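Only a predicted model underlies this, so the values are computations on that prediction, with no experimental measurement involved.
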Amino acid sequence: MELFVERLLAGLTNGSVYALLALALVVVYRATGTLNFAQGELALFTTFVAWWITTLGAPVWVAIVAALIVGFVLGAAIERLLIRPVQRKNDMAVLIVALGLFTGLNSLAGLLWNSETKIMPSPFPNGLDDYVSVFGARLYGDALGVWGALIVLLGLITLLFRRTRIGLHMRAVAANPESAALAGVRTGRILMIGWGLSGAIGALAGVLVTPLAPEQLGLTTMFHIFIAASAAALFGGLDSLQGAVVGGLTIGVLEAMLSGYVSFLGGELQQTSALLIIVAILFIRPNGLFGSKRTVRV
C-alpha cells in the first residue's frame, strides 16, 4: 500500500509539472489559435535567467518574479517581431518559426550559460525533514508547492477568460480574428498579451519544476516535459484549461504506474508513452476529451 501511494504521489507531482506547461500551451492557443512549439525552450530560457539572478545573490522569489517579467516580455516580443509578420503570409510559416525558436532559444541558453548542469534553488522547503506523511509515503514541500501553484494558476486563468474583458477579447480573437477586429477589438494587442501570458506561465512552470527534475537545470531539462505537456494539452483539448490539468495528471500517473509495475518496459515506456498518447488521441478524438468542436461555415 505504501509503495502504491508513493508511486501515485510521484505521478501526481509529475502530472502537475506537465499540467503547468500544458496550461501555457492552452493559454496561447485560446488567445491566438496557435500552438507554440517553442514553449518548452522559452520556459527553459527564462529558468536560466532566474538561476543566473540567484547567482548574483538575489532571493529566489525575486528571481522568479524577474523570470515572469522576462517571460512575458519575451513572449510578447516573439509574437510582435517574428510570429505576426509571417502569419499574415502563411500559417505554415508560424510552425517553421516556432521550430526555429525551439533551436535558437536552446542554443542561446547554451551560449550564455554553457551546457553544464546548474542547480536551481527551490522556493519551497525541500529538506529531508520537510515532508508530510500520506499513508506512510513522504510528500515533500516542493511537490506540495507545485500542486498549490497549479491550483492557484488554474483559478486565475479561469477567472481571466470568464470574468475579464481581456479574456473575452482573447477568446473572440482566437475564434475569429476578422470579426473581432470589425467589432472593435485591438487584435494586435490581444495577440501580444496572449503570447506574453504564455511566456510568463512557462517561466513559472520552469522555475518550479526544475528543482524536481533528476537532471536539474540543463539544456535538455524541458524536452520530455514539453512533449508530455503537449500530450496533456491534446488529451484534454487545446482550448480547455481543465482538460490540460486532467491530461497532465493522467499522463503523470500513467507514467508512474507503468514504470513501477511494468518493469520490463518501464524505463523506455516512461519516455515514449506521451508520444503514444498523442498519436492515439489524434486518431480517436482529434478535439481532445474536453475540447470543443469547431464548426466551419462556407
Side-chain angles (χ1 to χ4, degrees), residues 9-28 36 38-54 60-61 63-68 70-71 75 102 105-106 109 113 117-126 130-131 139-154 156-157 197-233 241 244-256 259 270-271 273-274:
L9 293 177
L12 290 174
T13 300
N14 290 336
S16 298
V17 169
Y18 304 152
L20 279 171
L21 196 60
L23 283 175
L25 292 169
V26 170
V27 165
V28 75
N36 182 13
Q39 188 68 63
E41 300 311 296
L42 182 57
L44 177 70
F45 186 85
T46 49
T47 304
F48 267 106
V49 171
W51 167 83
W52 173 68
I53 292 175
T54 62
V60 63
W61 284 106
I64 291 176
V65 172
L68 292 176
V70 171
F102 177 93
L105 288 171
N106 189 281
W113 295 292
T117 300
K118 313 295 191 300
I119 303 298
M120 177 66 197
S122 174
F124 306 108
N126 62 347
D130 298 316
Y131 69 88
L139 184 61
Y140 287 91
D142 46 6
L144 284 172
V146 172
W147 289 17
L150 175 61
I151 294 171
V152 172
L153 183 61
L154 177 61
L156 292 176
I157 298 175
L197 284 175
S198 178
I201 295 171
L204 178 64
V207 296
L208 292 184
V209 307
T210 299
L212 297 172
E215 67 273 17
Q216 284 290 311
L217 180 58
L219 296 181
T220 61
T221 298
M222 296 302 296
F223 182 73
H224 173 67
I225 295 175
F226 172 70
I227 295 298
S230 300
L241 298 172
V245 175
V246 172
L249 295 178
T250 300
I251 292 173
V253 172
L254 179 63
E255 286 185 348
S259 62
Q270 184 178 2
Q271 300 296 323
S273 60

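Between Leu20 atom CG and Ile201 atom CD1 the span is 9.5 Å, to the nearest 0.5 Å. Leu105 CG to Met222 CE: the interatomic distance, rounded to the nearest 0.5 Å, is 12.5 Å. How far CG of Leu153 is from CG of Leu241: 9.0 Å, rounded to the nearest 0.5 Å. One finds the CG atom of Leu44 at 8.5 Å from the OG1 atom of Thr220 (value rounded to the nearest 0.5 Å). A distance of 15.0 Å separates CH2 of Trp52 from OG1 of Thr47, quoted to the nearest 0.5 Å. Atom-to-atom distance recorded for Leu208:CG and Ile64:CD1 is 5.5 Å, nearest 0.5 angstrom.
Residues Val245 and Ala19 approach most closely at CA-CB, 3.8 Å, considering heavy atoms. Taking each heavy atom of Leu219 and Glu41 in turn, the nearest pair found is O-OE1, 4.2 Å. Of all heavy-atom pairs between Val60 and Pro123, the closest is CG1-CA, 3.8 Å. When all heavy atoms are compared, the tightest approach of Gly199 to Leu42 is CA-CD2, 3.7 Å. Between Leu21 and Gly202 the shortest heavy-atom distance is CD1-CA, 4.2 Å. For the pair Trp51 and Leu217, the tightest heavy-atom approach, listed with the atom from each and the gap, is CB-CD2, 3.7 Å.
Taking the side chain as every heavy atom from C-beta outward, Phe124 and Leu144 never approach each other to under 4.5 Å. Counting only heavy atoms from C-beta outward, the side chains of Tyr18 and Asn14 approach each other to under 4.5 Å. Put simply, the side chain of Leu249 reaches to within 4.5 Å of the side chain of Ser16, judged on heavy atoms. Looking at Ile53 and Val49, their side chains come closer than 4.5 Å, going by heavy atoms from C-beta outward. Put simply, the side chain of Ile157 does not reach to within 4.5 Å of the side chain of Val26, judged on heavy atoms.
Counted by atom type alone, Thr210 and Gln216 present zero donor-acceptor pairs between their side chains at under 3.5 Å.
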key: Val17 vs Ile225, side chain to side chain contact (heavy atoms under 4.5 Å, CB included): CA-CA, chis, key distance, verdict   = CA-CA 8 Å; Val17 169; Ile225 295 175; 3.9 Å; yes
request  = Kindly indicate, with the supporting measurements, whether the criterion side chain to side chain contact (heavy atoms under 4.5 Å, CB included) is fulfilled by Thr221 and Thr117.
outcome  = CA-CA 9 Å; Thr221 298; Thr117 300; over 6 Å; no
query = Given Leu9 and Tyr140, is the side chain to side chain contact (heavy atoms under 4.5 Å, CB included) satisfied, shown in steps?
reply = CA-CA 10 Å; Leu9 293 177; Tyr140 287 91; over 6 Å; no
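Every side chain to side chain contact (heavy atoms under 4.5 Å, CB included) that Ala22 has, sequence neighbours left out, goes to Ala229, Ala232, Ala233, Ala244.
The 12-atom threshold is not exceeded at CZ of Phe223, counting heavy atoms of other residues, nucleotides or ligands nearer than 6.0 Å.
Here the two rings, on Trp113 and Phe45, have centers that are under 6.0 Å apart.
Checked by atom type and distance alone, the side chain of Thr46 never pairs as donor or acceptor with a backbone atom of Ala67 at under 3.5 Å.
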